[in-house]
J.: 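Below you will find the structure I want to go over with you.
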Amino acid sequence: MAKVLTSRSENYSQWYNDLVLKADLAENSAVRGSMVIKPYGYAIWENIQKVLDRMFKDTGHENAYFPLFIPKSFFSKEASHVDGFAKECAVVTHYRLMNDPNGNGIIVDPDAKLEEELIVRPTSETIIWSTYKNWIQSYRDLPIKINQWANVVRWEMRTRLFLRTAEFLWQEGHTAHETKQEAIDETVTMINVYAEFAEKYMAMPVLKGVKTENERFAGALDTYTIEALMQDGKALQSGTSHFLGQNFAKAFDVKFTSKEGKEEYVWATSWGVSTRLMGALIMAHSDDNGLVLPPKLAPIQVVIVPIYRKEEEFKQVSEVAKGIVSKLRDMNIEVKFDDNDKKKPGWKFAEYELKGVPVRLAIGPRDVQNGTVELARRDTLEKKVIPVEGVEKYIQGLLDEIQENIYRKAFDFRTEKTTKVDSYDEFKKVLKEKGGFILAHWDGTNETEQRIKEETKATIRCIPLDGEPEEGKCMVTGKPSKQRVVFAVAY
RNA sequence: CGGGAUGUAGCUCAGUUCGGUUAGAGUACGCGUCUGGGGGGCGUGGGGUCGGAGGUUCAAAUCCUCUCAUCCCGACCA
């Protein structure tokens, strides 16, 4: 087969870029740092949305939509929040263009300057809490549990398709609660939703944990995260859920009267995942032949490629194929019969492999004769010839098996790439030679964390939620520690 | 914003050092044909303001000046 991708061992990030382009997921646009998501890539995102949206609704949330533009003054109301985002904001200063009087095309009309500049949202806490102020007076108005599907803009210096783009698509949940405990419970519920989604649908094992103060969301009291491990041994933060305390309620003066008649500030959470999940999905399973998609999120789960020479043969093959198509559709399996005569079978094989379609059937005159089909599975690249009779049942089971298999593979990889270390020297050695997650003791201070980051580029990905307590000494300072934390070099 | 590099066909690039026919290749695209069980073969055709502006010269993709854009490496980040 012709090589179209750079191999992972040769250059991992080149491989990733090649793959995104060649699998027709996305491409760079005319706008620096912003991508065009192509139909095949968008179809995967739609599947992600569909599943998550269901999960959000099942946990009591509703969708709504808030403005893209946020008045500049809103940002300054929560101090740490503005610190976190100020350096990467797109700002709208004018509202009109005009013809250049000197004839050099079109220019910004200097008379159309806005009284107050508008910020293109990098996240929506401020606009939403300024709105919640009007919605909340009494404990009877709580909780409010809203999600929005939207685009946001963060003016990043360096961008990469899906992993970091100036504009990206995401969902952001914003909830308001009576009590601290209720808000914390919500934060935990949502990180669990994300973890379940990652593992069950993306077939990607994730570590659940809490961020250190240093890595926390700007304006949060606690940030919960799911961290996935990519094939190059780097970590990818895949979703976050923030306990915001009363910070935004205080900033926007959102108070309610409690049952006891007391005036109190509202407790808040926010949580989100973005098109970055696409990057995670791509990197978690794919190989040097292309994308490997988990069946539960694949836009096409089964593709049928006809092989024929004469019109008559095509007719016979089509008949068999259409029979299989209708049976698979009845079972709610997404199937495509690729009867495009303009592409050759060999071309199609390579193409669908590149696009990560989990199961491929090839049907030719030989199969029509013998009552068979050739079945190829993407995850193992195995091919076999099986009877056409009952093929739909077989495929149904196989899709589950593939989903299971790629999860297992990713899980085993992560296990193999997770190392416990007890000294800083060992830490550096493992980091350099093996990468992956490193479990080590840390004294809990910002200084030590910063020092490790500066010296090794590794950061604390999280303090794991399900980590068992273990007395130990910080690998750097020797001060006491009660639990190991997870280090890795991150995207 | 610091350091490095690159702009030539839809895409990937050669040609620039040392100026000189009609600016090339691979791939993609069109047509014809043989084909078809892993990105096919042969034939043939179309496609270029050589990033832009100015300059030097009999002559500029090539030399000079300015300019625009993009990419890579750092600081920053979902």
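Chain letters run A, B, ... following the sequence lines, proteins first, then strands; residues in each count from 1.
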J.: Rounded to the nearest angstrom, tell me the gap between atom NZ in A:K453 and atom P in B:G74.
T.: 14 Å

J.: Can you check whether A:F217 and A:F85 have ring centres sitting under 6.0 Å from each other?
T.: yes

J.: Pick base, sugar-phosphate or nothing for A:Y491, based on heavy-atom distances below 4.0 Å to the nucleic acid.
T.: nothing

J.: Could you measure between the two C1' atoms, the one in B:G39 and the one in B:G26, and give it in whole Å?
T.: 15 Å

J.: For A:E353 and A:R360, run salt bridge (charged side-chain N to carboxylate O under 4.0 Å, His left out): C-alpha distance rounded to whole Å, both residues' side-chain angles, the deciding distance at 0.1 Å, then the answer.
T.: CA-CA 9 Å; A:E353 215 155 270; A:R360 183 187 72 230; 3.5 Å; yes

J.: Classify the nucleic acid contact of A:T165 as base, sugar-phosphate or nothing, counting any heavy atom under 4.0 Å across all strands shown.
T.: base

J.: Can you tell me, in whole Å, how much space there is between the P of B:C68 and that of B:A53?
T.: 15 Å

J.: Give a yes/no answer on whether the side chain of A:R366 brings an N or O atom under 4.0 Å of OP1 or OP2 in B:G37.
T.: no

J.: In whole Å, I'd like the distance from the CD atom of A:Q237 to the P atom of B:A78.
T.: 6 Å

J.: Tell me if the CD atom of A:E319 is crowded by more than 12 foreign heavy atoms within 6.0 Å.
T.: no

J.: Round to a whole Å and report the spacing from CD1 of A:I191 to C1' of B:A78.
T.: 12 Å

J.: Which one of A:L163, A:I48, A:L169, A:I44 satisfies the side-chain contact (heavy atoms from CB on, under 4.5 Å) criterion with A:T275?
T.: A:L169

J.: What nucleic acid atoms does A:D341 come within less than 4.0 Å of, heavy atoms only: base, sugar-phosphate, or nothing?
T.: base

J.: Measure from the side chain of A:K343, starting at C-beta and using heavy atoms only, and say which of B:A78, B:G39, B:C29 lies closest.
T.: B:C29

J.: Establish, for the pair A:K77 and A:F74, whether the NZ or CZ atom is under 6.0 angstrom from the six-membered ring centre and no further than 45 degrees off its axis.
T.: yes

J.: Please report, rounded to the nearest Å, how far the P atom of B:U12 is from the CG atom of A:N17.
T.: 13 Å

J.: Is it the case that A:K343 places NZ or CZ above or below the six-membered ring of A:W347, under 6.0 angstrom from the centre and within 45 degrees of the axis?
T.: yes

J.: Counting only side-chain heavy atoms from C-beta out, which of B:G37, B:A78, B:G39 sits nearest to A:P345?
T.: B:G37

J.: Could you state the OH-P distance from A:Y352 to B:G39, rounded to the nearest angstrom?
T.: 16 Å

J.: Ignoring the backbone of A:R276, work out which of B:G39, B:G37, B:A78 is nearest its side chain.
T.: B:A78

J.: Distance check, P atoms only: B:G7 and B:A61, in whole angstrom units.
T.: 16 Å

J.: Please measure how far the P atom in B:U33 lies from the corresponding atom in B:U17, and state the result in whole Å.
T.: 48 Å

J.: Need one value for A:L236: base, sugar-phosphate or nothing, where a base atom within 4.0 Å counts as base even if backbone is also close, heavy atoms only.
T.: nothing

J.: Quick check for you: among B:G37, B:G39, B:A78, whose closest atom lies nearest to any side-chain atom of A:F168?
T.: B:A78

J.: Under 4.0 Å, counting only non-hydrogen atoms across every strand here, what does A:F217 touch: a base, just sugar-phosphate, or nothing?
T.: nothing

J.: Would you verify whether the NZ or CZ of A:K355 falls within 45 degrees of the ring axis of A:Y40 while also being under 6.0 Å from that six-membered ring's centre?
T.: yes

J.: Knowing that exactly one of A:E449, A:E454, A:E455, A:E447 qualifies, which makes a side chain to side chain donor-acceptor pair (under 3.5 Å) with A:R451?
T.: A:E455

J.: Please state how far atom NZ in A:K344 lies from atom P in B:G37, giving the value in whole angstrom units.
T.: 9 Å

J.: Would the base of B:G38 count as contacting A:K383 through its side chain, where contact means a donor and an acceptor less than 3.5 Å apart?
T.: yes

J.: Between A:R160 (CZ) and B:U70 (P), how many Å, whole number?
T.: 19 Å

J.: Of the candidate nucleotides B:G36, B:G38, B:G39, which contains the atom at the shortest distance from the side chain of A:F349?
T.: B:G38

J.: A:K22 has an atom NZ; how far is it from atom C1' of B:C11, in whole Å?
T.: 9 Å

J.: Select one nucleotide: of B:G36, B:G38, B:G74, the one nearest the side-chain heavy atoms of A:K457.
T.: B:G74

J.: Say whether, by atom type as modelled, one donor and one acceptor occur between the side chain of A:N247 and the main chain of A:G219 under 3.5 angstrom.
T.: yes

J.: For RNA chain B, just give me the dot-bracket, please: Watson-Crick or G-U, both distances below 3.5 Å, ( ) intra-strand, [ ] crossing earlier pairs, | paired with another strand, . unpaired.
T.: (((((((..((((......[...)))).((((((.....)))))).....(((((..]....))))))))))))....

J.: With nearest nucleotide decided by heavy atoms, which residue, A:A166 or A:I307, maps closer to the 5′ end of RNA chain B?
T.: A:I307

J.: For the side chain of A:E172 and the backbone of A:S124, is there at least one donor-acceptor N/O pair under 3.5 Å apart?
T.: yes

J.: If you take atom types as modelled and just measure distance, does the side chain of A:R309 reach the base of B:G37 with a donor-acceptor pair under 3.5 Å?
T.: no

J.: Taking the C1' atom of each, how far is B:U44 from B:A5, in whole Å?
T.: 40 Å

J.: What integer number of Å spans the P atoms of B:U16 and B:G10?
T.: 23 Å

J.: With rounding to the closest Å, how many angstrom separate the C1' atoms on B:G32 and B:G52?
T.: 42 Å

J.: Expressed in whole Å, how much space separates the C1' atoms belonging to B:C71 and B:U35?
T.: 42 Å

